[in-house]
Amino acid sequence: MIRIPSFDLSSRNTFGMKVSCAMYIEYTSVEELKSILAEALPQPVFHIGGGSNLLFRGDFPGTVLHSAITGIDFHDDGDEVIAEVGAGVVFDDFVAESCRRGLWGVENLSLIPGEAGASAVQNIGAYGVEAGDVIDKVFCIEASSGKEVVFRASECAYGYRDSRFKHEKGRYIVTRVTFRLTRRYCPSLGYGNIKAALEGRDLEALTPLDVRDAIIRIRREKLPDPAEIGSAGSFFKNPVISKEHFDRILASVPDGKVPHFDLPDGTVKVPAAWMIDTCGFRGAVRGGAKVFEKQPLVIVNDSGSASPEDIIALEDEVIAAVRDRFGVILHPEVEHI
Ligand code: EPU
């Protein structure tokens, strides 16, 4: 167990905000977690994963917990394979290992930053696949009682970047997650530009590693490299609006072209990136913060020394401009602490 008072969190949030917490505790087992929860800790208590979807607004007055429960085990279940993954495992390490073993299921989630525990909370998603589609069970400790609780995926209320764990914030701490993978050939290539990235390939002969490579290429073209520039990935969720609202937006655009996806319930999803771009924010700089040129859905810590205030000022400006131009309220995807 690691326990550090007055801990500098800059290496624990991918935005690279220079903030601290009163106490930082990293545990390596369920037993350690239970004993920590029985202590009188500096309040409030906040559990982080890879810190890749967070914006600390300033110093955190309480305790930050982090799981270092590791281990990836694969168990055969006929054609299927159950992967049991510690909450502290880097999610992409799990994806890479699954692909190396020829297992299908998580290859489209390649290169998403963060850890396995948080993947089950955020219901991370990319290229037509969400964690909730492949999660089998989520193993948790209830923070107030120290009791172990197991949820089947069907009990996790998974939705777009949403789960029961987001609504019952702090109630459960994820300790491990099982994912249902398969040896059976079943790539998911329907999303956007995946097929284009695989052009010239015999699709019938694809392996999970081939798809992983294509996804990595697509992501690297658009998204900032976390090793080089601080960000928290997509800053805003993609809004879903009524068909009538969409038609009004369509009529207001000079060329009459708006990228969109019709959803089965008749509503329309419009990429927030397009709205932000149309409002002229691509590359906009405020203090040390910038709207990323290659992907306006991402706000980056461009100077390396952006303050939370810089990021929030840019966020507020973007929200106001999109609201005034399109009548759509963007909601941040990044959690503000
Ligand atoms: N879309 C479809 N079907 C497609 C292609 C796109 O429904 O075949 C929808 C998407 O759901 C989205 C919109 O069209 O609403 C735009 O899609 P685009 O591929 O441009 O992605 P994005 O909006 O820039 C989202 C995620 C990314 C993820 C990509 C790829 C959010 C907030 N962001 O970005 O996630 O990598 O799709 O799937 O949903 C992140 O969360 O940090 C992140 C990078």
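Throughout, numbering of the chain's residues begins at 1 and tracks the sequence. Because the structure is predicted, anything quoted here is derived from the model rather than measured. The figures here come from the full heavy-atom set of this structure, side chains too, leaving out hydrogens, waters and symmetry mates. Every number for a ligand or one of its atoms is a count from 1 in the order of the listing.
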task: Using distance alone, with no hydrogens and no angle criterion, decide if R12 and Y24 have a side-chain donor and acceptor under 3.5 Å apart.
output: yes
field: Selected option - heavy-atom contact closest to atom 44 (C) of ligand 1, from G114, G233, A126, S234
entry: S234
- prompt: What residue and heavy atom of the protein are closest to atom 26 (C) of ligand 1, and at what distance?
  reply: R161 NH2, 3.3 Å
query: atom 36 (O) of ligand 1: which protein heavy atom is closest, and how many Å away?
result: R219 NH1, 3.3 Å
- prompt: In the protein, which heavy atom is nearest to atom 23 (O) of ligand 1, and how far is it?
  reply: N238 ND2, 2.8 Å
query: With only distance considered, is L297 within less than 3.5 Å of ligand 1 through an N or O on each side?
result: no
- prompt: Considering only protein heavy atoms, which is closest to atom 8 (O) of ligand 1, and at what distance to one decimal place?
  reply: G192 N, 2.7 Å
task: Around atom 38 (O) of ligand 1, find the nearest protein heavy atom and jot down its residue, atom name and distance.
output: Y127 N, 2.6 Å
query: So which heavy atom in the protein is nearest atom 39 (O) of ligand 1, and how far is it from that ligand atom?
result: Y160 OH, 2.7 Å
message: With ring-ring contact (aromatic ring centres under 6.0 Å, His included) as the criterion, how do Y27 and H47 come out once you've worked through the C-alpha distance, each side chain's angles and the decisive distance to 0.1 Å?
response: CA-CA 11 Å; Y27 56 89; H47 202 295; 5.8 Å; yes
statement: Looking only at non-hydrogen atoms, the one of F261, F236, Y191 nearest atom 18 (P) of ligand 1 is Y191
- request: Please name the residue in the list I311, D59, L54 that meets the side-chain contact (heavy atoms from CB on, under 4.5 Å) test with M17.
  value: I311
query: Which protein non-hydrogen atom lies closest to atom 24 (O) of ligand 1, naming both residue and atom, and how far is it?
result: Q295 NE2, 2.6 Å
task: Specify the protein heavy atom at minimum distance from atom 11 (O) of ligand 1: its residue, its atom name, and the distance to 0.1 Å.
output: K269 NZ, 3.0 Å
